[in-house]
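Each remark here refers to the structure printed beneath this line.
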Amino acid sequence: MKIIMLGAPGAGKGTQAKKIAEKYQIPHISTGDIFRANIKGGTELGMKAKTFMDQGMLVPDEITIGMLMDRIGHCINGYVLDGFPRTIPQAESLTKALAERGEKVDYAINVDVPDENIINRMSGRRACLGCGATYHITFNPPVKEGICDTCGQELVLRDDDKPETVKKRLDVYHQQTQPLIDYYKNAEVLAEVDGTQPMDAVFQGIVEILGE
Ligand code: ADP
Ligand code: AMP
């Protein structure tokens, strides 16, 4: 099963991708998490990515596409991609790479959340840079404030979740990423869920799309 998560930053792609990965036993691949791990590790890739991420911009396709292709190269049983593709050239590269192996994306799931809900979601998001888990101070708090339930590391407000950066990220989303909805509609693999519902209800909608 090859699944893509579409939706604005903060729509809940990562939250749902984790649940999908667990239920269907496929890897959850988040380009944002890969970049953040590289920033934490002080790699050259991380340093390059950070300048773009901190400004709410996309990391250039030349960097992102190669990185993602390396990561999925050995995933024969499928995956759920979270945060990739984010541009038409990224989507075209993925389509082409899969077609060369006689494969295709099976589902592109658009988690639909209007802009007015996004700022609240992002300012309350707390991230674990250790294991990639995501919380929300109101909608999904950790058991112990500021500490990851899964790995015990300290939770942080991501630099790019500050309101001024979130506005920029939403602009970038509308300009560069939203056109992918039509791209995958034309490929006849688009499915939509109402992302304003509580997390479990959103997941229920996704299970109805993917099947038990
Ligand atoms: P994305 O991966 O699309 O950027 P996340 O999955 O990290 O988004 O979710 C953004 C924030 O919103 C997180 O703090 C998360 O806990 C919270 N969140 C996710 N889904 C919902 C939901 N259905 N209702 C309320 N809050 C949610
Ligand atoms: P995310 O964790 O998905 O919210 O991504 C955080 C940031 O990482 C984005 O705002 C971009 O700067 C960068 N990023 C993640 N995925 C991509 C991608 N597919 N293309 C370009 N930049 C990306």
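Computed from a predicted structure; not experimentally measured. Remember, it's 1-based here, ligands and their atoms both numbered in the order they're listed.
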Checklist entry - Which pairs with one or both residues in residues 88-140 pass ring-ring contact (aromatic ring centres under 6.0 Å, His included), sequence neighbours excluded? => result His136-Phe139
Checklist entry - Is Asp159 reaching over with its side chain to a backbone N or O of Asp54, donor-acceptor style, under 3.5 angstrom? => result no
Item to check | Pairwise side-chain contact, Ile109 with Leu210, heavy-atom cut-off 4.5 Å (strictly under) | outcome: yes
Item to check | Donor-acceptor side-chain pairing of Thr196 and Asn117 below 3.5 angstrom | outcome: no
Next on the checklist: Within the 4.5 Å heavy-atom criterion, are Asn38 and Glu44 side-chain neighbours or not?
Outcome noted: no
Under 3.5 Å, N/O to N/O: give me all the pairs between ligand 1 and the protein, one per line with atom names and distance.
{"unit_1": "ligand 1", "atom_1": "2 (O)", "unit_2": "Gly14", "atom_2": "N", "d": "2.8"}
{"unit_1": "ligand 1", "atom_1": "3 (O)", "unit_2": "Gly10", "atom_2": "N", "d": "3.4"}
{"unit_1": "ligand 1", "atom_1": "3 (O)", "unit_2": "Ala11", "atom_2": "N", "d": "3.2"}
{"unit_1": "ligand 1", "atom_1": "3 (O)", "unit_2": "Gly12", "atom_2": "N", "d": "3.0"}
{"unit_1": "ligand 1", "atom_1": "3 (O)", "unit_2": "Lys13", "atom_2": "N", "d": "2.8"}
{"unit_1": "ligand 1", "atom_1": "3 (O)", "unit_2": "Lys13", "atom_2": "NZ", "d": "2.8"}
{"unit_1": "ligand 1", "atom_1": "4 (O)", "unit_2": "Gly10", "atom_2": "N", "d": "2.8"}
{"unit_1": "ligand 1", "atom_1": "4 (O)", "unit_2": "Arg125", "atom_2": "NH1", "d": "2.9"}
{"unit_1": "ligand 1", "atom_1": "6 (O)", "unit_2": "Gly14", "atom_2": "N", "d": "3.4"}
{"unit_1": "ligand 1", "atom_1": "6 (O)", "unit_2": "Thr15", "atom_2": "N", "d": "2.8"}
{"unit_1": "ligand 1", "atom_1": "6 (O)", "unit_2": "Thr15", "atom_2": "OG1", "d": "2.6"}
{"unit_1": "ligand 1", "atom_1": "7 (O)", "unit_2": "Arg125", "atom_2": "NH1", "d": "2.6"}
{"unit_1": "ligand 1", "atom_1": "8 (O)", "unit_2": "Gly12", "atom_2": "N", "d": "3.2"}
{"unit_1": "ligand 1", "atom_1": "8 (O)", "unit_2": "Arg125", "atom_2": "NH1", "d": "3.4"}
{"unit_1": "ligand 1", "atom_1": "14 (O)", "unit_2": "Tyr135", "atom_2": "O", "d": "2.8"}
{"unit_1": "ligand 1", "atom_1": "23 (N)", "unit_2": "Gln197", "atom_2": "O", "d": "2.8"}
{"unit_1": "ligand 1", "atom_1": "23 (N)", "unit_2": "Met199", "atom_2": "N", "d": "3.4"}
{"unit_1": "ligand 1", "atom_1": "24 (N)", "unit_2": "Arg121", "atom_2": "NH2", "d": "3.4"}

Checklist entry - To the nearest 0.5 Å, how far apart are CD1 in Ile88 and OG1 in Thr177? => result 9.5 Å
For ligand 2, find each of its N or O atoms that sits under 3.5 Å from a protein N or O atom, and tabulate the pairs with distances to one decimal place.
{"unit_1": "ligand 2", "atom_1": "2 (O)", "unit_2": "Arg36", "atom_2": "NH1", "d": "2.9"}
{"unit_1": "ligand 2", "atom_1": "2 (O)", "unit_2": "Arg36", "atom_2": "NH2", "d": "2.8"}
{"unit_1": "ligand 2", "atom_1": "2 (O)", "unit_2": "Arg158", "atom_2": "NH2", "d": "3.4"}
{"unit_1": "ligand 2", "atom_1": "3 (O)", "unit_2": "Arg86", "atom_2": "NH1", "d": "3.0"}
{"unit_1": "ligand 2", "atom_1": "3 (O)", "unit_2": "Arg86", "atom_2": "NH2", "d": "3.1"}
{"unit_1": "ligand 2", "atom_1": "4 (O)", "unit_2": "Arg86", "atom_2": "NH2", "d": "3.4"}
{"unit_1": "ligand 2", "atom_1": "4 (O)", "unit_2": "Arg158", "atom_2": "NH2", "d": "3.1"}
{"unit_1": "ligand 2", "atom_1": "4 (O)", "unit_2": "Arg169", "atom_2": "NH2", "d": "2.9"}
{"unit_1": "ligand 2", "atom_1": "12 (O)", "unit_2": "Met57", "atom_2": "O", "d": "2.6"}
{"unit_1": "ligand 2", "atom_1": "16 (N)", "unit_2": "Thr31", "atom_2": "OG1", "d": "2.8"}
{"unit_1": "ligand 2", "atom_1": "16 (N)", "unit_2": "Gly83", "atom_2": "O", "d": "3.3"}
{"unit_1": "ligand 2", "atom_1": "16 (N)", "unit_2": "Arg86", "atom_2": "NH1", "d": "2.9"}
{"unit_1": "ligand 2", "atom_1": "19 (N)", "unit_2": "Gly83", "atom_2": "O", "d": "2.8"}
{"unit_1": "ligand 2", "atom_1": "19 (N)", "unit_2": "Gln90", "atom_2": "OE1", "d": "3.0"}
{"unit_1": "ligand 2", "atom_1": "20 (N)", "unit_2": "Gln90", "atom_2": "NE2", "d": "2.9"}
{"unit_1": "ligand 2", "atom_1": "22 (N)", "unit_2": "Val59", "atom_2": "N", "d": "3.0"}

Item to check | Rounded distance [0.5 Å steps], CD in Gln178 versus CZ in Arg86 | outcome: 13.5 Å
Checklist entry - Asp115 and His174: side-chain donor and acceptor closer than 3.5 Å? => result yes
Item to check | For Lys40, salt bridge (charged side-chain N to carboxylate O under 4.0 Å, His left out) partners two or more places apart | outcome: none
